[in-house]
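For ligands, and for the atoms within them, numbers begin at 1 and follow the listed sequence.
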Amino acid sequence: MASQNLLFSTDLISPEVQKALPPGYKLRPLSSDDYEHGFLKVLSVLTVIGDISKAQFLERYNYLKKHNHEYFTIVITDPSDTIIGAGTIFVERKFIHNTGLVGHIEDIAVDKNQQGKKLGLRVIQALKYIGAKTGCYKVILDCSEEVRDLEIQPGKYDKLFHNVPFYEKCGFTRKEVEMAWYT
Ligand code: ACO
């Protein structure tokens, strides 16, 4: 895949995580071609995606590319070059902690047929590597505490599993409480 089509430099891709993947699986930054490689389908295990056109995908991709010192989206592909895992780390620039950087992990998804093969763990390890390499003093995330019904398409529901134990296995510890306000 041509490097100019990738969201950010492959220098931030962990060689250890790449080595730990099953044969034929690849870890790389999101690419401008990934509309065709199943990126949005993988995200559909998380929530409603909407009917996103290629133009909308590219508009968002181009924004991220202009801010590719802050947004790092990675994907894992299977041997047929289909995306089966994805995740993002957003690097926030603070005044506190001596103008410190905080990494926020978002939108972790593994295709339903590929779950349970340590690919979620590899996505998190790859994002932690980027957080450490870009100088974050901590990396945080929000996740579900309870099994709950999740609307994945209008009127279609699936179960979102309690995934605190997954993040504990990825080296995170429980801290603080998320609050939300919807407009
Ligand atoms: N509850 C308890 N343990 C779990 C769970 C769970 N829900 N999910 C995984 N684990 C354990 C596994 O058993 C494994 O344990 P082991 O090392 O003892 O064998 C370890 O965590 C690693 O699991 P993986 O195989 O890497 O997990 P997987 O590839 O299935 O990915 C993920 C986990 C990302 C949660 C996946 O199931 C998924 O996409 N779920 C739907 C979307 C979702 O909930 N995403 C996270 C939202 S939160 C966020 O984005 C910040």
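At a heavy-atom distance under 4.0 Å, no atom of Phe172 approaches ligand 1. The part of Lys169 lying near ligand 1 is the side chain, judged by heavy-atom distances below 4.0 Å.
Considering only heavy atoms from C-beta on, Pro22 comes within 4.5 Å of Leu119 through its side chain. Residues Arg122 and Leu27 are not in side-chain contact: their nearest non-hydrogen atoms beyond the backbone lie 4.5 Å or more apart.
Below 3.5 Å of separation, one finds no N or O of Pro165 facing any N or O of ligand 1. For ligand 1, the polar-atom distance check against Ile108 finds a nitrogen or oxygen pair separated by under 3.5 Å. Polar contact with ligand 1: absent for Val45 (N/O pair, distance under 3.5 Å). The shortest N or O to N or O distance between Gly120 and ligand 1 is below 3.5 Å. When only interatomic distances are considered, the shortest N/O to N/O separation between Val110 and ligand 1 falls below 3.5 Å. Between Glu106 and ligand 1, no pair of N/O atoms sits closer than 3.5 Å. For a threshold of 3.5 Å applied to N or O pairs, the pair formed by His162 and ligand 1 contains at least one separation below that value. Distances between N or O atoms of Gln114 and those of ligand 1 include no value under 3.5 Å.
The Lys117 neighbourhood of ligand 1 comprises atoms 25 (O), with distances under 4.0 Å to a heavy atom of that residue. Set against the non-hydrogen atoms of Lys118, the atoms of ligand 1 under 4.0 Å away are 16 (P), 17 (O), 19 (O), 24 (P), 25 (O), 26 (O). In the vicinity of Asp142, heavy-atom distances shorter than 4.0 Å reach the ligand 1 atoms 48 (S), 49 (C), 51 (C). Atom numbering of ligand 1 starts at 1 in the shown order; those under 4.0 Å from a heavy atom of Asn163 are 43 (C), 44 (O), 46 (C), 47 (C). Heavy-atom proximity to Leu121, at under 4.0 Å, picks out these atoms of ligand 1: 26 (O). Less than 4.0 angstrom separates some heavy atom of Leu119 from each of these atoms of ligand 1: 26 (O), 29 (O). Remark: ligand 1 atoms within the under-4.0 Å shell around heavy atoms of Asp107 are 50 (O). Every atom of ligand 1 is numbered from 1 in the order shown, and the set under 4.0 Å from a heavy atom of Ala109 is 39 (O).
Atom CD of Glu36 is separated from atom OG1 of Thr82 by 12.0 Å, given to the nearest 0.5 angstrom. Between the CD1 atom in Ile140 and the CD atom in Glu92 there is a gap of 7.0 Å [rounded to 0.5 Å]. Note that CZ of Phe8 and OG of Ser3 are 13.0 Å apart. Values are rounded to the nearest 0.5 Å. For the atom pair CD1 of Ile89 and CG of Asp107, the computed distance is 13.0 Å after rounding to the nearest 0.5 Å.
Val91 and His69 make their closest contact through CB-O, 4.4 Å (heavy atoms, listed as atom of the first residue, atom of the second, distance). Listed here is the closest heavy atom pair of Leu6 and Tyr61: C-OH, 3.1 Å. Considering all non-hydrogen atoms of both residues, Ala86 and Leu43 come closest at CB-CD2, 4.5 Å. Of all heavy-atom pairs between His37 and Asp81, the closest is CD2-O, 3.3 Å.
In this structure, Asp111 pairs ionically with Lys41, as a charged nitrogen and a carboxylate oxygen lie closer than 4.0 Å.
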